[in-house]
There are 2 protein chains.
Amino acid sequence: MDAQPGRSVTSKVLALLDAFTPATPALTLTELARRAGLPLPTAHRRAAELVAWGALERGDDGRYRIGLRLWEVGSLAPRGLGLRELALPIMEDLYEVTHENVQLAVRQGLELVFIERIAGRHAVPVLTRVGGRFALHATGVGLVLLAYAPAEVQEQVLAAPLERYTELTITDPRRLRRCLAEVRRVGYAVSDRQVTMDALSVAAPIRGSDGVVAAISLVVAHDRADPLALAPLVQAAGRVLSRALGTSYRRSPGRVPSPTRSETQ
Amino acid sequence: MDAQPGRSVTSKVLALLDAFTPATPALTLTELARRAGLPLPTAHRRAAELVAWGALERGDDGRYRIGLRLWEVGSLAPRGLGLRELALPIMEDLYEVTHENVQLAVRQGLELVFIERIAGRHAVPVLTRVGGRFALHATGVGLVLLAYAPAEVQEQVLAAPLERYTELTITDPRRLRRCLAEVRRVGYAVSDRQVTMDALSVAAPIRGSDGVVAAISLVVAHDRADPLALAPLVQAAGRVLSRALGTSYRRSPGRVPSPTRSETQ
DNA sequence: ACCACAGCTTTCACTGAATGAAAGCCGAGG
DNA sequence: CCTCGGCTTTCATTCAGTGAAAGCTGTGGT
(Lines give C-alpha, C1' and ligand atoms only; values in the text may rest on other atoms or scores of the structure.)
Protein backbone atom coordinates (compact mmCIF):
# COMPACT_ATOMS: atom_id res chain seq x y z
CA MET A 1 0.00 0.00 0.00
CA ASP A 2 2.81 2.40 -0.72
CA ALA A 3 1.71 5.75 -2.02
CA GLN A 4 2.23 5.42 -5.75
CA PRO A 5 3.71 8.53 -7.29
CA GLY A 6 1.34 10.52 -9.44
CA ARG A 7 -1.30 10.46 -6.75
CA SER A 8 -1.62 14.16 -6.23
CA VAL A 9 -4.40 15.63 -4.17
CA THR A 10 -5.86 17.12 -7.31
CA SER A 11 -5.96 13.72 -8.97
CA LYS A 12 -7.88 12.39 -5.99
CA VAL A 13 -10.41 15.17 -6.19
CA LEU A 14 -10.86 14.49 -9.89
CA ALA A 15 -11.13 10.76 -9.23
CA LEU A 16 -14.03 11.52 -6.92
CA LEU A 17 -15.81 13.39 -9.70
CA ASP A 18 -14.98 10.62 -12.11
CA ALA A 19 -16.75 8.12 -9.89
CA PHE A 20 -20.12 9.42 -11.03
CA THR A 21 -21.59 8.06 -14.25
CA PRO A 22 -24.95 8.33 -15.97
CA ALA A 23 -25.74 4.87 -14.60
CA THR A 24 -24.69 5.77 -11.05
CA PRO A 25 -25.40 9.43 -10.39
CA ALA A 26 -25.78 8.92 -6.63
CA LEU A 27 -23.16 7.20 -4.49
CA THR A 28 -22.69 6.46 -0.82
CA LEU A 29 -19.40 7.43 0.73
CA THR A 30 -18.18 3.86 0.66
CA GLU A 31 -19.05 3.41 -3.02
CA LEU A 32 -17.46 6.74 -3.82
CA ALA A 33 -14.24 5.83 -2.02
CA ARG A 34 -14.01 2.44 -3.70
CA ARG A 35 -14.66 3.80 -7.18
CA ALA A 36 -12.16 6.59 -6.73
CA GLY A 37 -9.62 4.12 -5.36
CA LEU A 38 -9.22 6.08 -2.14
CA PRO A 39 -9.18 5.12 1.53
CA LEU A 40 -12.44 5.97 3.20
CA PRO A 41 -11.28 8.82 5.43
CA THR A 42 -9.53 10.48 2.52
CA ALA A 43 -12.61 10.27 0.35
CA HIS A 44 -14.66 11.59 3.23
CA ARG A 45 -12.49 14.65 3.71
CA ARG A 46 -12.20 15.58 0.06
CA ALA A 47 -15.88 14.97 -0.54
CA ALA A 48 -16.75 17.20 2.40
CA GLU A 49 -14.80 20.03 0.82
CA LEU A 50 -16.48 19.46 -2.52
CA VAL A 51 -19.87 19.58 -0.82
CA ALA A 52 -18.97 22.80 0.98
CA TRP A 53 -18.19 24.40 -2.35
CA GLY A 54 -21.18 22.94 -4.17
CA ALA A 55 -19.36 20.61 -6.54
CA LEU A 56 -21.15 17.75 -4.83
CA GLU A 57 -24.42 17.65 -2.94
CA ARG A 58 -25.42 15.27 -0.23
CA GLY A 59 -29.01 14.08 -0.02
CA ASP A 60 -31.03 13.13 3.05
CA ASP A 61 -30.11 9.56 2.26
CA GLY A 62 -26.44 10.39 2.78
CA ARG A 63 -25.63 9.79 -0.87
CA TYR A 64 -23.45 12.13 -2.82
CA ARG A 65 -24.53 13.57 -6.15
CA ILE A 66 -23.02 16.04 -8.56
CA GLY A 67 -23.84 19.52 -7.35
CA LEU A 68 -25.47 22.37 -9.19
CA ARG A 69 -22.38 24.52 -8.80
CA LEU A 70 -20.39 22.10 -10.90
CA TRP A 71 -23.13 22.09 -13.50
CA GLU A 72 -22.94 25.88 -13.57
CA VAL A 73 -19.20 25.89 -14.13
CA GLY A 74 -19.49 23.10 -16.67
CA SER A 75 -22.00 25.17 -18.59
CA LEU A 76 -19.19 27.60 -19.37
CA ALA A 77 -17.41 25.02 -21.55
CA PRO A 78 -17.21 26.50 -25.05
CA ARG A 79 -17.55 23.05 -26.59
CA GLY A 80 -20.55 22.29 -24.34
CA LEU A 81 -23.24 24.87 -23.75
CA GLY A 82 -21.44 27.42 -25.87
CA LEU A 83 -21.74 25.25 -28.94
CA ARG A 84 -25.27 24.26 -28.02
CA GLU A 85 -26.48 27.87 -27.79
CA LEU A 86 -25.12 28.51 -31.22
CA ALA A 87 -26.53 25.35 -32.77
CA LEU A 88 -29.94 25.11 -31.19
CA PRO A 89 -31.81 27.43 -33.57
CA ILE A 90 -30.48 25.60 -36.60
CA MET A 91 -31.22 22.25 -34.99
CA GLU A 92 -34.77 23.40 -34.40
CA ASP A 93 -35.10 24.42 -38.03
CA LEU A 94 -33.92 20.98 -39.05
CA TYR A 95 -36.46 19.47 -36.70
CA GLU A 96 -39.32 21.60 -37.98
CA VAL A 97 -38.59 20.59 -41.55
CA THR A 98 -38.18 16.87 -40.91
CA HIS A 99 -39.73 16.09 -37.52
CA GLU A 100 -36.91 13.59 -37.04
CA ASN A 101 -34.25 13.32 -34.33
CA VAL A 102 -31.49 15.90 -34.58
CA GLN A 103 -28.16 15.31 -32.86
CA LEU A 104 -25.09 17.39 -32.18
CA ALA A 105 -21.79 15.84 -31.07
CA VAL A 106 -18.11 16.63 -30.64
CA ARG A 107 -15.10 14.37 -30.42
CA GLN A 108 -13.41 13.91 -27.06
CA GLY A 109 -10.36 11.70 -27.37
CA LEU A 110 -11.32 8.43 -29.06
CA GLU A 111 -15.02 8.79 -28.37
CA LEU A 112 -17.77 11.25 -29.11
CA VAL A 113 -19.88 13.21 -26.66
CA PHE A 114 -23.45 14.22 -27.43
CA ILE A 115 -23.90 17.93 -26.82
CA GLU A 116 -27.58 18.20 -27.65
CA ARG A 117 -30.37 16.33 -29.25
CA ILE A 118 -33.90 17.08 -30.24
CA ALA A 119 -35.96 13.94 -29.98
CA GLY A 120 -39.11 14.03 -32.03
CA ARG A 121 -42.01 12.49 -30.15
CA HIS A 122 -43.02 10.48 -33.16
CA ALA A 123 -39.52 9.89 -34.42
CA VAL A 124 -37.62 6.66 -34.03
CA PRO A 125 -36.37 6.33 -30.45
CA VAL A 126 -32.64 6.89 -29.98
CA LEU A 127 -30.66 5.71 -27.00
CA THR A 128 -28.38 8.67 -26.71
CA ARG A 129 -28.20 11.00 -23.75
CA VAL A 130 -26.99 14.57 -23.69
CA GLY A 131 -23.60 14.43 -22.02
CA GLY A 132 -23.29 10.77 -22.94
CA ARG A 133 -20.45 9.13 -24.85
CA PHE A 134 -20.31 6.73 -27.73
CA ALA A 135 -17.80 5.06 -30.01
CA LEU A 136 -16.71 6.93 -33.13
CA HIS A 137 -16.99 4.14 -35.68
CA ALA A 138 -20.72 3.49 -35.80
CA THR A 139 -22.94 6.57 -35.70
CA GLY A 140 -23.25 9.17 -38.43
CA VAL A 141 -21.78 11.92 -36.28
CA GLY A 142 -19.03 9.55 -35.17
CA LEU A 143 -18.01 8.73 -38.74
CA VAL A 144 -17.84 12.41 -39.60
CA LEU A 145 -15.81 13.27 -36.51
CA LEU A 146 -13.48 10.35 -37.18
CA ALA A 147 -13.13 11.08 -40.88
CA TYR A 148 -11.88 14.58 -40.16
CA ALA A 149 -9.91 13.74 -37.01
CA PRO A 150 -6.09 13.98 -36.93
CA ALA A 151 -4.44 10.96 -38.55
CA GLU A 152 -3.06 9.90 -35.19
CA VAL A 153 -6.55 9.63 -33.72
CA GLN A 154 -7.78 7.65 -36.72
CA GLU A 155 -4.90 5.21 -36.40
CA GLN A 156 -5.60 4.64 -32.73
CA VAL A 157 -9.26 3.95 -33.40
CA LEU A 158 -8.48 1.68 -36.33
CA ALA A 159 -5.89 -0.19 -34.29
CA ALA A 160 -8.28 -0.99 -31.44
CA PRO A 161 -11.02 -3.62 -31.80
CA LEU A 162 -14.17 -2.06 -33.25
CA GLU A 163 -17.19 -2.99 -31.18
CA ARG A 164 -20.09 -4.56 -33.04
CA TYR A 165 -23.56 -3.16 -32.30
CA THR A 166 -25.50 -4.78 -35.16
CA GLU A 167 -24.69 -7.11 -38.01
CA LEU A 168 -24.15 -4.03 -40.17
CA THR A 169 -21.62 -2.33 -37.89
CA ILE A 170 -18.32 -1.89 -39.67
CA THR A 171 -15.75 -3.79 -37.65
CA ASP A 172 -13.11 -4.37 -40.31
CA PRO A 173 -10.45 -1.64 -40.17
CA ARG A 174 -9.91 -1.81 -43.93
CA ARG A 175 -13.58 -1.25 -44.67
CA LEU A 176 -13.76 1.52 -42.08
CA ARG A 177 -10.80 3.24 -43.70
CA ARG A 178 -12.52 3.15 -47.10
CA CYS A 179 -15.72 4.40 -45.50
CA LEU A 180 -13.91 7.38 -43.96
CA ALA A 181 -12.33 8.24 -47.31
CA GLU A 182 -15.79 8.22 -48.84
CA VAL A 183 -17.10 10.50 -46.10
CA ARG A 184 -14.34 13.00 -46.85
CA ARG A 185 -15.04 12.74 -50.57
CA VAL A 186 -18.78 13.43 -50.42
CA GLY A 187 -18.72 15.64 -47.33
CA TYR A 188 -21.30 13.74 -45.30
CA ALA A 189 -21.67 10.36 -43.59
CA VAL A 190 -24.43 7.76 -43.64
CA SER A 191 -24.68 5.16 -40.92
CA ASP A 192 -27.26 2.62 -42.07
CA ARG A 193 -28.39 0.39 -39.17
CA GLN A 194 -24.88 0.31 -37.78
CA VAL A 195 -26.02 1.14 -34.25
CA THR A 196 -29.53 -0.29 -34.09
CA MET A 197 -31.38 -2.26 -36.75
CA ASP A 198 -34.22 0.25 -37.00
CA ALA A 199 -32.35 3.51 -37.44
CA LEU A 200 -30.24 5.27 -40.01
CA SER A 201 -28.39 8.54 -39.60
CA VAL A 202 -26.98 11.16 -41.94
CA ALA A 203 -24.35 13.50 -40.58
CA ALA A 204 -22.33 16.50 -41.73
CA PRO A 205 -19.26 18.27 -40.35
CA ILE A 206 -19.18 21.61 -38.60
CA ARG A 207 -15.91 23.43 -39.17
CA GLY A 208 -14.25 25.86 -36.80
CA SER A 209 -11.08 27.84 -37.14
CA ASP A 210 -8.99 24.68 -36.96
CA GLY A 211 -10.73 21.85 -38.75
CA VAL A 212 -13.91 19.99 -37.93
CA VAL A 213 -15.00 20.73 -34.38
CA ALA A 214 -18.43 19.10 -34.29
CA ALA A 215 -20.96 17.12 -36.30
CA ILE A 216 -24.70 17.36 -36.76
CA SER A 217 -27.01 14.58 -37.84
CA LEU A 218 -30.52 13.42 -38.49
CA VAL A 219 -31.55 10.01 -37.19
CA VAL A 220 -34.51 8.45 -38.97
CA ALA A 221 -36.27 5.09 -39.23
CA HIS A 222 -34.27 3.09 -41.75
CA ASP A 223 -37.27 2.01 -43.80
CA ARG A 224 -38.61 5.48 -44.50
CA ALA A 225 -35.20 6.99 -45.01
CA ASP A 226 -33.80 8.53 -48.14
CA PRO A 227 -30.19 9.42 -47.32
CA LEU A 228 -29.68 11.21 -50.61
CA ALA A 229 -32.59 13.52 -49.87
CA LEU A 230 -31.51 14.20 -46.29
CA ALA A 231 -27.83 14.82 -46.98
CA PRO A 232 -28.22 18.30 -48.50
CA LEU A 233 -30.38 19.38 -45.57
CA VAL A 234 -27.85 18.24 -42.99
CA GLN A 235 -24.94 19.60 -44.98
CA ALA A 236 -26.62 22.97 -45.25
CA ALA A 237 -27.14 23.04 -41.49
CA GLY A 238 -23.48 22.14 -40.99
CA ARG A 239 -22.40 24.96 -43.26
CA VAL A 240 -24.59 27.53 -41.54
CA LEU A 241 -23.11 26.46 -38.23
CA SER A 242 -19.57 26.55 -39.56
CA ARG A 243 -20.12 30.13 -40.61
CA ALA A 244 -21.70 31.04 -37.27
CA LEU A 245 -18.71 29.49 -35.48
CA GLY A 246 -16.29 31.43 -37.60
CA THR A 247 -17.91 34.74 -36.76
CA SER A 248 -18.61 34.09 -33.11
CA TYR A 249 -15.25 32.66 -32.15
CA ARG A 250 -13.43 35.84 -33.04
CA ARG A 251 -11.89 36.93 -29.79
CA SER A 252 -11.64 40.55 -28.80
CA PRO A 253 -9.91 40.40 -25.43
CA GLY A 254 -8.60 43.92 -25.00
CA ARG A 255 -4.88 43.63 -25.13
CA VAL A 256 -4.02 40.71 -27.37
CA PRO A 257 -4.08 41.66 -31.04
CA SER A 258 -4.89 38.76 -33.33
CA PRO A 259 -1.64 36.78 -33.16
CA THR A 260 -1.96 34.15 -35.86
CA ARG A 261 -3.92 34.14 -39.05
CA SER A 262 -3.68 30.42 -39.58
CA GLU A 263 -7.27 29.71 -40.47
CA THR A 264 -7.57 26.54 -42.42
CA GLN A 265 -10.89 26.78 -44.15
CA MET B 1 -3.48 37.91 -0.42
CA ASP B 2 -0.88 36.50 1.94
CA ALA B 3 -0.33 32.78 2.03
CA GLN B 4 -2.66 32.14 4.88
CA PRO B 5 -2.32 28.65 6.28
CA GLY B 6 -5.64 26.86 6.20
CA ARG B 7 -5.86 27.00 2.43
CA SER B 8 -6.39 23.44 1.31
CA VAL B 9 -5.25 22.21 -2.06
CA THR B 10 -8.82 21.35 -2.92
CA SER B 11 -9.94 24.88 -2.25
CA LYS B 12 -7.28 26.11 -4.64
CA VAL B 13 -8.43 23.79 -7.36
CA LEU B 14 -11.98 24.95 -6.87
CA ALA B 15 -10.85 28.58 -6.84
CA LEU B 16 -9.36 27.97 -10.28
CA LEU B 17 -12.70 26.73 -11.57
CA ASP B 18 -14.45 29.63 -9.87
CA ALA B 19 -12.32 32.08 -11.81
CA PHE B 20 -14.36 31.42 -14.95
CA THR B 21 -17.57 33.36 -15.44
CA PRO B 22 -20.01 33.80 -18.32
CA ALA B 23 -18.34 37.15 -18.99
CA THR B 24 -14.81 35.70 -18.92
CA PRO B 25 -14.87 32.13 -20.19
CA ALA B 26 -11.24 32.24 -21.38
CA LEU B 27 -8.35 33.28 -19.17
CA THR B 28 -4.58 33.50 -19.49
CA LEU B 29 -2.52 31.88 -16.78
CA THR B 30 -1.79 35.22 -15.18
CA GLU B 31 -5.45 36.23 -15.10
CA LEU B 32 -6.38 32.83 -13.76
CA ALA B 33 -3.82 33.04 -10.97
CA ARG B 34 -4.90 36.53 -9.99
CA ARG B 35 -8.60 35.69 -9.95
CA ALA B 36 -8.03 32.55 -7.94
CA GLY B 37 -5.77 34.42 -5.55
CA LEU B 38 -2.88 32.03 -6.12
CA PRO B 39 0.82 32.51 -6.82
CA LEU B 40 1.59 31.96 -10.45
CA PRO B 41 3.56 28.70 -10.17
CA THR B 42 0.85 27.18 -8.01
CA ALA B 43 -1.86 28.13 -10.46
CA HIS B 44 0.27 26.80 -13.26
CA ARG B 45 0.74 23.39 -11.66
CA ARG B 46 -2.87 22.87 -10.62
CA ALA B 47 -4.14 24.12 -13.95
CA ALA B 48 -1.84 21.69 -15.77
CA GLU B 49 -3.36 18.81 -13.83
CA LEU B 50 -6.85 20.03 -14.61
CA VAL B 51 -5.97 20.22 -18.30
CA ALA B 52 -4.53 16.70 -18.24
CA TRP B 53 -7.82 15.40 -16.88
CA GLY B 54 -9.99 17.50 -19.17
CA ALA B 55 -11.52 19.81 -16.58
CA LEU B 56 -9.84 22.67 -18.39
CA GLU B 57 -8.72 23.02 -21.98
CA ARG B 58 -5.97 25.18 -23.30
CA GLY B 59 -6.34 26.86 -26.67
CA ASP B 60 -3.71 27.72 -29.24
CA ASP B 61 -3.72 31.19 -27.73
CA GLY B 62 -2.54 29.76 -24.41
CA ARG B 63 -5.77 30.67 -22.70
CA TYR B 64 -7.55 28.29 -20.41
CA ARG B 65 -11.22 27.43 -20.85
CA ILE B 66 -13.59 25.09 -19.10
CA GLY B 67 -13.12 21.63 -20.59
CA LEU B 68 -15.68 19.31 -22.06
CA ARG B 69 -14.94 16.68 -19.43
CA LEU B 70 -16.17 19.01 -16.72
CA TRP B 71 -19.28 19.71 -18.73
CA GLU B 72 -19.86 15.97 -18.97
CA VAL B 73 -19.59 15.47 -15.24
CA GLY B 74 -21.67 18.56 -14.58
CA SER B 75 -24.39 17.12 -16.79
CA LEU B 76 -24.86 14.42 -14.16
CA ALA B 77 -26.18 16.93 -11.64
CA PRO B 78 -29.73 15.85 -10.75
CA ARG B 79 -30.79 19.47 -10.30
CA GLY B 80 -29.17 20.37 -13.63
CA LEU B 81 -29.61 18.18 -16.66
CA GLY B 82 -31.61 15.63 -14.67
CA LEU B 83 -34.30 18.15 -13.96
CA ARG B 84 -34.10 19.53 -17.48
CA GLU B 85 -34.66 16.14 -19.10
CA LEU B 86 -37.75 15.69 -17.00
CA ALA B 87 -39.10 19.16 -17.60
CA LEU B 88 -38.36 19.70 -21.27
CA PRO B 89 -41.41 17.95 -22.71
CA ILE B 90 -43.75 19.91 -20.46
CA MET B 91 -41.91 23.12 -21.22
CA GLU B 92 -42.34 22.42 -24.90
CA ASP B 93 -46.05 21.87 -24.42
CA LEU B 94 -46.28 25.19 -22.66
CA TYR B 95 -44.40 26.78 -25.52
CA GLU B 96 -46.59 25.23 -28.18
CA VAL B 97 -49.72 26.51 -26.47
CA THR B 98 -48.49 30.05 -25.83
CA HIS B 99 -45.47 30.65 -28.08
CA GLU B 100 -44.00 32.66 -25.22
CA ASN B 101 -40.73 32.24 -23.32
CA VAL B 102 -40.67 29.35 -20.88
CA GLN B 103 -38.16 29.27 -18.05
CA LEU B 104 -37.08 26.71 -15.49
CA ALA B 105 -35.02 27.64 -12.43
CA VAL B 106 -33.87 26.30 -9.07
CA ARG B 107 -32.62 28.06 -5.99
CA GLN B 108 -28.94 27.91 -5.15
CA GLY B 109 -28.23 29.68 -1.90
CA LEU B 110 -29.60 33.22 -2.04
CA GLU B 111 -29.84 33.31 -5.82
CA LEU B 112 -31.56 31.37 -8.54
CA VAL B 113 -29.98 29.46 -11.39
CA PHE B 114 -31.67 29.07 -14.75
CA ILE B 115 -31.71 25.42 -15.77
CA GLU B 116 -33.41 25.75 -19.13
CA ARG B 117 -35.33 28.18 -21.19
CA ILE B 118 -37.22 28.05 -24.42
CA ALA B 119 -37.03 31.38 -26.13
CA GLY B 120 -39.75 31.97 -28.65
CA ARG B 121 -38.42 33.69 -31.74
CA HIS B 122 -41.28 36.12 -31.74
CA ALA B 123 -41.60 36.35 -27.99
CA VAL B 124 -40.29 39.22 -25.90
CA PRO B 125 -36.50 38.96 -25.56
CA VAL B 126 -35.24 37.86 -22.17
CA LEU B 127 -31.74 38.42 -20.89
CA THR B 128 -31.33 35.14 -19.07
CA ARG B 129 -28.75 32.52 -19.88
CA VAL B 130 -28.92 28.81 -19.14
CA GLY B 131 -26.52 28.28 -16.26
CA GLY B 132 -26.80 31.94 -15.31
CA ARG B 133 -27.76 33.36 -11.94
CA PHE B 134 -30.16 36.01 -10.84
CA ALA B 135 -31.54 37.56 -7.67
CA LEU B 136 -34.56 35.93 -6.05
CA HIS B 137 -36.67 39.00 -5.36
CA ALA B 138 -37.57 40.17 -8.85
CA THR B 139 -38.43 37.44 -11.35
CA GLY B 140 -41.50 35.23 -11.25
CA VAL B 141 -39.47 32.07 -10.68
CA GLY B 142 -37.44 33.91 -8.05
CA LEU B 143 -40.51 34.96 -6.09
CA VAL B 144 -41.82 31.41 -6.11
CA LEU B 145 -38.48 29.94 -5.03
CA LEU B 146 -38.17 32.55 -2.30
CA ALA B 147 -41.76 32.20 -1.10
CA TYR B 148 -41.26 28.49 -0.48
CA ALA B 149 -37.65 28.68 0.72
CA PRO B 150 -36.73 27.90 4.33
CA ALA B 151 -37.49 30.81 6.68
CA GLU B 152 -33.78 31.28 7.30
CA VAL B 153 -33.15 31.88 3.58
CA GLN B 154 -36.02 34.34 3.36
CA GLU B 155 -34.70 36.30 6.33
CA GLN B 156 -31.25 36.53 4.80
CA VAL B 157 -32.65 37.82 1.52
CA LEU B 158 -34.96 40.28 3.26
CA ALA B 159 -32.12 41.52 5.45
CA ALA B 160 -29.83 42.34 2.52
CA PRO B 161 -30.43 45.34 0.26
CA LEU B 162 -32.79 44.43 -2.59
CA GLU B 163 -31.39 45.52 -5.91
CA ARG B 164 -33.64 47.68 -8.06
CA TYR B 165 -33.94 46.74 -11.74
CA THR B 166 -36.91 48.93 -12.71
CA GLU B 167 -39.13 51.41 -10.96
CA LEU B 168 -41.51 48.55 -10.22
CA THR B 169 -38.98 46.25 -8.55
CA ILE B 170 -39.97 45.55 -4.98
CA THR B 171 -37.14 46.83 -2.80
CA ASP B 172 -39.02 47.34 0.45
CA PRO B 173 -38.66 44.25 2.69
CA ARG B 174 -42.14 44.73 4.17
CA ARG B 175 -43.78 44.80 0.75
CA LEU B 176 -41.72 41.82 -0.37
CA ARG B 177 -42.82 39.90 2.70
CA ARG B 178 -46.47 40.60 1.91
CA CYS B 179 -45.86 39.65 -1.70
CA LEU B 180 -44.38 36.29 -0.70
CA ALA B 181 -47.35 35.58 1.57
CA GLU B 182 -49.64 36.28 -1.37
CA VAL B 183 -47.62 33.90 -3.57
CA ARG B 184 -48.04 31.14 -1.01
CA ARG B 185 -51.76 31.88 -0.72
CA VAL B 186 -52.59 31.74 -4.42
CA GLY B 187 -49.92 29.20 -5.40
CA TYR B 188 -48.29 31.23 -8.15
CA ALA B 189 -46.29 34.42 -8.58
CA VAL B 190 -46.61 37.35 -10.93
CA SER B 191 -43.69 39.65 -11.57
CA ASP B 192 -45.01 42.63 -13.47
CA ARG B 193 -42.19 44.67 -15.06
CA GLN B 194 -40.01 44.11 -12.01
CA VAL B 195 -36.99 43.05 -14.10
CA THR B 196 -37.47 44.95 -17.35
CA MET B 197 -40.17 47.43 -18.26
CA ASP B 198 -41.43 45.39 -21.18
CA ALA B 199 -41.90 41.97 -19.63
CA LEU B 200 -44.13 40.23 -17.15
CA SER B 201 -43.75 36.71 -15.84
CA VAL B 202 -46.04 34.20 -14.19
CA ALA B 203 -44.44 31.36 -12.25
CA ALA B 204 -45.50 28.26 -10.34
CA PRO B 205 -43.70 25.94 -7.93
CA ILE B 206 -42.47 22.43 -8.67
CA ARG B 207 -42.53 20.26 -5.58
CA GLY B 208 -40.23 17.36 -4.82
CA SER B 209 -40.12 15.00 -1.90
CA ASP B 210 -39.03 17.81 0.40
CA GLY B 211 -40.73 21.04 -0.52
CA VAL B 212 -40.40 23.21 -3.59
CA VAL B 213 -37.33 22.24 -5.61
CA ALA B 214 -37.80 24.32 -8.76
CA ALA B 215 -40.04 26.85 -10.46
CA ILE B 216 -41.39 27.19 -13.96
CA SER B 217 -42.58 30.37 -15.61
CA LEU B 218 -43.87 32.08 -18.70
CA VAL B 219 -42.38 35.44 -19.65
CA VAL B 220 -44.58 37.58 -21.88
CA ALA B 221 -44.76 41.14 -23.13
CA HIS B 222 -46.45 43.12 -20.35
CA ASP B 223 -48.98 44.82 -22.61
CA ARG B 224 -50.45 41.69 -24.10
CA ALA B 225 -50.36 39.77 -20.84
CA ASP B 226 -53.27 38.41 -18.88
CA PRO B 227 -51.75 36.94 -15.72
CA LEU B 228 -55.05 35.45 -14.58
CA ALA B 229 -55.31 33.49 -17.82
CA LEU B 230 -51.72 32.32 -17.77
CA ALA B 231 -51.61 31.26 -14.12
CA PRO B 232 -53.66 28.06 -14.50
CA LEU B 233 -51.48 26.99 -17.43
CA VAL B 234 -48.25 27.47 -15.54
CA GLN B 235 -49.66 25.94 -12.38
CA ALA B 236 -50.81 22.88 -14.29
CA ALA B 237 -47.32 22.48 -15.74
CA GLY B 238 -45.87 22.79 -12.26
CA ARG B 239 -48.18 20.12 -10.95
CA VAL B 240 -47.41 17.69 -13.76
CA LEU B 241 -43.71 18.18 -13.07
CA SER B 242 -44.19 17.75 -9.32
CA ARG B 243 -45.83 14.42 -9.98
CA ALA B 244 -43.12 13.38 -12.43
CA LEU B 245 -40.47 14.28 -9.86
CA GLY B 246 -42.21 12.27 -7.19
CA THR B 247 -42.21 9.13 -9.30
CA SER B 248 -38.77 9.49 -10.86
CA TYR B 249 -36.82 10.32 -7.72
CA ARG B 250 -37.53 6.97 -6.11
CA ARG B 251 -34.11 5.50 -5.57
CA SER B 252 -33.05 1.94 -6.07
CA PRO B 253 -29.97 1.57 -3.85
CA GLY B 254 -28.75 -1.02 -6.27
CA ARG B 255 -25.96 -3.53 -6.07
CA VAL B 256 -22.45 -2.55 -6.93
CA PRO B 257 -21.00 -3.52 -10.31
CA SER B 258 -17.65 -5.11 -10.88
CA PRO B 259 -14.66 -3.46 -9.22
CA THR B 260 -13.92 -0.62 -11.55
CA ARG B 261 -10.48 0.85 -11.53
CA SER B 262 -11.13 3.33 -14.27
CA GLU B 263 -8.01 5.25 -15.09
CA THR B 264 -8.70 8.52 -16.71
CA GLN B 265 -9.14 7.77 -20.38
C1' DA C 1 -34.14 -4.78 25.73
C1' DC C 2 -29.85 -6.07 24.17
C1' DC C 3 -26.34 -7.14 20.83
C1' DA C 4 -24.08 -7.26 16.19
C1' DC C 5 -23.07 -5.05 12.31
C1' DA C 6 -22.33 -1.78 8.56
C1' DG C 7 -21.45 2.64 7.36
C1' DC C 8 -19.92 7.01 8.66
C1' DT C 9 -16.94 10.37 11.37
C1' DT C 10 -13.04 11.82 14.14
C1' DT C 11 -8.37 11.45 16.18
C1' DC C 12 -3.39 11.63 16.05
C1' DA C 13 1.39 11.16 15.00
C1' DC C 14 3.85 10.99 10.72
C1' DT C 15 5.26 12.20 5.88
C1' DG C 16 5.64 13.52 1.14
C1' DA C 17 2.89 16.55 -1.97
C1' DA C 18 2.67 21.16 -2.36
C1' DT C 19 4.89 25.37 -2.04
C1' DG C 20 7.03 30.03 -3.70
C1' DA C 21 11.32 32.60 -4.35
C1' DA C 22 14.32 32.75 -7.76
C1' DA C 23 16.32 31.58 -11.92
C1' DG C 24 15.63 30.14 -16.79
C1' DC C 25 13.10 30.35 -21.11
C1' DC C 26 10.70 32.14 -25.17
C1' DG C 27 8.75 35.24 -28.47
C1' DA C 28 7.24 39.98 -29.64
C1' DG C 29 8.68 44.71 -30.21
C1' DG C 30 11.90 48.34 -30.07
C1' DC D 1 21.01 43.05 -30.47
C1' DC D 2 18.57 44.02 -26.16
C1' DT D 3 14.31 44.46 -23.27
C1' DC D 4 10.16 43.17 -21.45
C1' DG D 5 6.09 40.40 -20.14
C1' DG D 6 4.34 36.09 -19.62
C1' DC D 7 5.19 31.42 -18.97
C1' DT D 8 7.85 27.28 -17.11
C1' DT D 9 11.11 24.84 -14.16
C1' DT D 10 14.09 24.16 -10.06
C1' DC D 11 14.97 23.17 -5.23
C1' DA D 12 15.07 23.28 -0.29
C1' DT D 13 11.43 23.77 3.17
C1' DT D 14 7.07 22.72 5.54
C1' DC D 15 2.37 22.23 6.35
C1' DA D 16 -1.75 20.06 4.36
C1' DG D 17 -2.76 15.50 3.77
C1' DT D 18 -2.62 10.89 5.30
C1' DG D 19 -4.56 6.19 7.02
C1' DA D 20 -4.75 2.97 10.95
C1' DA D 21 -7.45 2.74 14.59
C1' DA D 22 -10.85 4.11 17.67
C1' DG D 23 -15.45 6.17 18.29
C1' DC D 24 -20.07 6.95 16.84
C1' DT D 25 -24.92 6.05 15.05
C1' DG D 26 -28.65 3.99 13.35
C1' DT D 27 -30.71 -0.55 11.79
C1' DG D 28 -32.12 -5.21 12.04
C1' DG D 29 -32.06 -9.56 14.54
C1' DT D 30 -33.20 -12.28 18.60
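So that the names make sense, note that chain A is the first sequence line, chain B the second, and so on, each numbered from 1. If you're wondering where the values come from, they're calculated on a predicted model, not measured in any experiment.
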Between atom [atom1] in [X] and atom [atom2] in [N], what is the gap in whole Å?
X     : N      : atom1 : atom2 : answer
B:L38 : D:dA16 : CG    : P     : 14 Å
B:R34 : D:dG6  : CZ    : C1'   : 14 Å
B:K12 : C:dG20 : NZ    : C1'   : 10 Å

* Asked: Bend across the helix from C:dA1-D:dT30 to C:dG30-D:dC1, to 10°, with axes taken over 5 pairs at each end?
  -> 40°
Heavy atoms only: give me the nearest [X]-[Y] pair and the separation to one decimal.
X      : Y     : result
B:I115 : B:G80 : CG2-O, 3.4 Å
B:L17  : A:W53 : CB-CH2, 4.4 Å
A:T10  : B:V9  : OG1-CG1, 4.1 Å

* Ion pair present between B:R7 and A:E49, side-chain N to carboxylate O less than 4.0 angstrom? -> no
* Can you tell me if CZ on A:R239 sees more than 12 non-hydrogen neighbours from other groups inside 6.0 Å? -> no
Atom pairs under 3.5 Å: protein N/O with N/O of nucleotides 8-12 of chain C:
from	atom 1	to	atom 2	distance (Å)
C:dC8	OP2	A:T30	N	3.0
C:dC8	OP2	A:T30	OG1	2.2
C:dT9	OP1	A:R58	NH1	3.1
C:dT9	OP2	A:H44	NE2	2.9
C:dT9	OP2	A:R58	NH1	3.1
C:dT9	OP2	A:R58	NH2	3.4
C:dT9	O5'	A:H44	NE2	3.3

Contacts under 3.5 angstrom, residues 144-155 of chain A side chains, donor-acceptor by atom type, not counting sequence neighbours:
from	atom 1	to	atom 2	distance (Å)
A:Q154	NE2	A:L146	O	2.9
A:Q154	NE2	A:A147	O	3.0
A:Q154	NE2	A:A149	O	3.1
A:E155	OE2	A:R177	NH1	3.1

* **Pairwise distance CH2(A:W71) to CG(A:L68) - rounded to 0.5 angstrom** => 6.5 Å
* Among D:dG19, C:dG20, C:dA18, which is the nearest nucleotide to the side chain of B:T42? -> C:dG20
* Asked: Can you check whether A:R207's main-chain N or O pairs, donor with acceptor, with A:S242's side chain at less than 3.5 Å?
  -> yes
